[in-house]
Amino acid sequence: MSKVISIIDSKNHVGETVRIGAWVANKSGKGKILFLQLRDGTAFFQGVVFKPEIGEEMFQVAKGLTQETSVWVEGEIKEDSRSKFGYEMSISSIEVVGESVDYPITPKEHGTDFLMDHRHLWLRSRKQHAVMQVRNEIIRATYEFFNKEGFIKMDSPILTGTAAEGTTDLFETDYFGRPAFLSQTGQLYAEAGAMAFGKVFTFGPTFRAEKSKTRRHLTEFWMIEPEMAFTTHEESLEVQENYVAFLVKNVLENCDYALDVLERDKELLKKYTETPFPRISYDDAVELLQKNGFEDVQWGDDFGSPHETFIANSYEKPVFIVNYPKAIKAFYMKPHPTRKDVVICADLIAPEGYGEIIGGSERATELEYLEEQIEKQGLDKADYEWYLDLRRYGSVPHSGFGLGLERMVTWISGNEHIREAIPFPRLLHRIFP
Ligand code: 4AD
Ligand code: MG
């Protein structure tokens, strides 16, 4: 029997007869020739079935194949200069593995609700395959980047007793008779990690009971959170821009075909690999908005999506908005030394209207200040004693940030909505499939 390969490895098998396990995505042709659009999970490819070569009986099998039937196909790998993929199989035998009757997602257009209800099948489509390749590459490059920069990957718990990003959007669960929360962020644990290991990053699912329906919010999303001891915010900003530029560069290098499927403008993406990224203070951003038709924006307001988009459109690259008002940011951020009303932080806003992809800050180190903030935000100090220990025993200046994986994937893929950036999105009113 012939060797089993993945179609993605075609270049090493040109001229060989091989076997591939695949699914039938589509079918065309007439007379003595049939073109099967196949996918084996690694890529989509064409299988050519020619009656005089394969024989009448097998040709009838091929003709009867329905969408998403699974098959073993055997044949010779050939170069195919007409397709971007570059290879096809000249099929000599077909064996049906699993039938597929009335596959719900047909090549015609479907509405989003229908596709979301069939997300378990929708994932098989060409575009979703491309998005998941971009996601996978961002994850791979993340590990490469932080490894080469000397960070340790540290896993933070998902069940926690402490809220770090405000109490309004917590998912609460019963933990043997006491309340526990699904983690909103790994940060507080990453700070403990930074004091133990110097430079760490967490990467895991985080949860927010977001009650609003937007194109940018999931209730379950994945976040990459580096935390660095003996590091100022200014130094952290440099890590952030280098990291984001590295991700874009790697997607450009390793996901060329996926970006074609997504019809993403690669020249535009190339611009985002050039550092440094511009910076604007929150104060200046408010002024910029007020001068450009957003008269209702007041100092102290949080920015909404139209505001972020306007600011982003004033630059060609991602832009850092730095030093937000203390009142609209988390309790752990370091107060500005000369401006008591702002904190040392930044949000990185993606170009083209994709919104905030990173939130980061220098962390407050002063014990009394943190105790005061915890109280002001109505949090129970007892739950934070372990965190305060980090300030009691060898506290050092430290900074960190969180990049939202799905925001990043949405931006780099050029998708309208964040729901396509994760295999099974969790949204307000959606827990299935
Ligand atoms: O700005 P956020 O809330 O920051 C933190 O959680 C910090 N503890 C991070 C840190 O300093 N270690 O969230 C960080 C990022 C946002 O910039 C955004 O990209 C993403 O997480 N994010 C979401 N992505 C999808 N759906 C949501 N509901 C999100 N909320 C935040
Ligand atoms: Mg934020």
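Just follow the structure's listing: the first ligand is 1, and inside any ligand the first atom is 1.
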Specify the protein heavy atom at minimum distance from [atom]: its residue, its atom name, and the distance to 0.1 Å.
{"atom": "atom 18 (C) of ligand 1", "value": "R407 NH1, 3.5 Å"}
{"atom": "atom 1 (O) of ligand 1", "value": "E356 OE2, 3.0 Å"}
{"atom": "atom 15 (C) of ligand 1", "value": "G402 O, 3.6 Å"}
{"atom": "atom 19 (O) of ligand 1", "value": "I357 O, 2.9 Å"}

May I have the step-by-step check of salt bridge (Lys or Arg N to Asp or Glu O under 4.0 Å) for E366 and K334, ending in yes or no? CA-CA 9 Å; E366 210 188 302; K334 188 182 173 73; over 6 Å; no
Do [X] and [Y] meet the criterion of a side-chain donor-acceptor pair at a distance under 3.5 Å?
{"X": "D283", "Y": "S281", "answer": "no"}
{"X": "T69", "Y": "Y103", "answer": "no"}
{"X": "R363", "Y": "T365", "answer": "no"}
{"X": "S399", "Y": "E235", "answer": "no"}
{"X": "T410", "Y": "E406", "answer": "no"}
{"X": "Y332", "Y": "E165", "answer": "yes"}

Can you list the ligand 1 atoms lying under 4.0 Å from a non-hydrogen atom of [X]?
{"X": "I358", "answer": "17 (O)"}
{"X": "G359", "answer": "1 (O), 9 (C), 10 (C), 11 (O), 17 (O)"}
{"X": "T185", "answer": "6 (O), 8 (N)"}
{"X": "R363", "answer": "10 (C), 11 (O), 12 (N)"}
{"X": "E225", "answer": "7 (C), 8 (N), 9 (C), 10 (C), 12 (N)"}
{"X": "Y332", "answer": "7 (C), 8 (N)"}
{"X": "G404", "answer": "15 (C), 19 (O), 20 (C), 21 (O)"}
{"X": "I418", "answer": "25 (C)"}

What's the atom name of the N, O or S in E356 nearest to the Mg ion (ligand 2)? OE2
Test of proximity, [X] against ligand 1: N or O pairs below 3.5 Å:
{"X": "S361", "result": "no"}
{"X": "L218", "result": "yes"}
{"X": "M223", "result": "no"}
{"X": "H217", "result": "no"}
{"X": "R208", "result": "yes"}
{"X": "Q187", "result": "yes"}

Return yes when atom OH of Y175 has more than 12 non-hydrogen atoms of other residues, nucleotides or ligands closer than 6.0 Å, and no otherwise. no
If you count heavy atoms of other groups shown closer than 6.0 angstrom to CD of E99, is the number above 12? no
When the ring planes of Y243 and F401 are compared, do they come out parallel, tilted or perpendicular, using 30° and 60° as the limits? tilted
For the residue pair Y282 and W299, does the interplanar ring angle fall in the parallel (under 30°), tilted (30 to 60°) or perpendicular (over 60°) class? perpendicular
Give a yes/no on ligand 1: does [X] have at least one heavy atom closer than 4.0 angstrom to it?
{"X": "T219", "value": "no"}
{"X": "M408", "value": "no"}
{"X": "E165", "value": "yes"}

Would you check if I105 and F114 make a side-chain contact, meaning some heavy-atom pair closer than 4.5 Å? yes
So for F221 against ligand 1, with non-hydrogen atoms under 4.0 Å, the contacting part is side chain
Have a look at ligand 1 and work out which part of T206, if any, has a heavy atom under 4.0 Å from it: side chain, backbone, both or neither. neither
Identify whether the distance between the nearest side-chain nitrogen and carboxylate oxygen of K78 and D80 falls below 4.0 Å. no
Pick from E416, E356, E308: which one makes a salt bridge (charged side-chain N to carboxylate O under 4.0 Å, His left out) with R216? E308
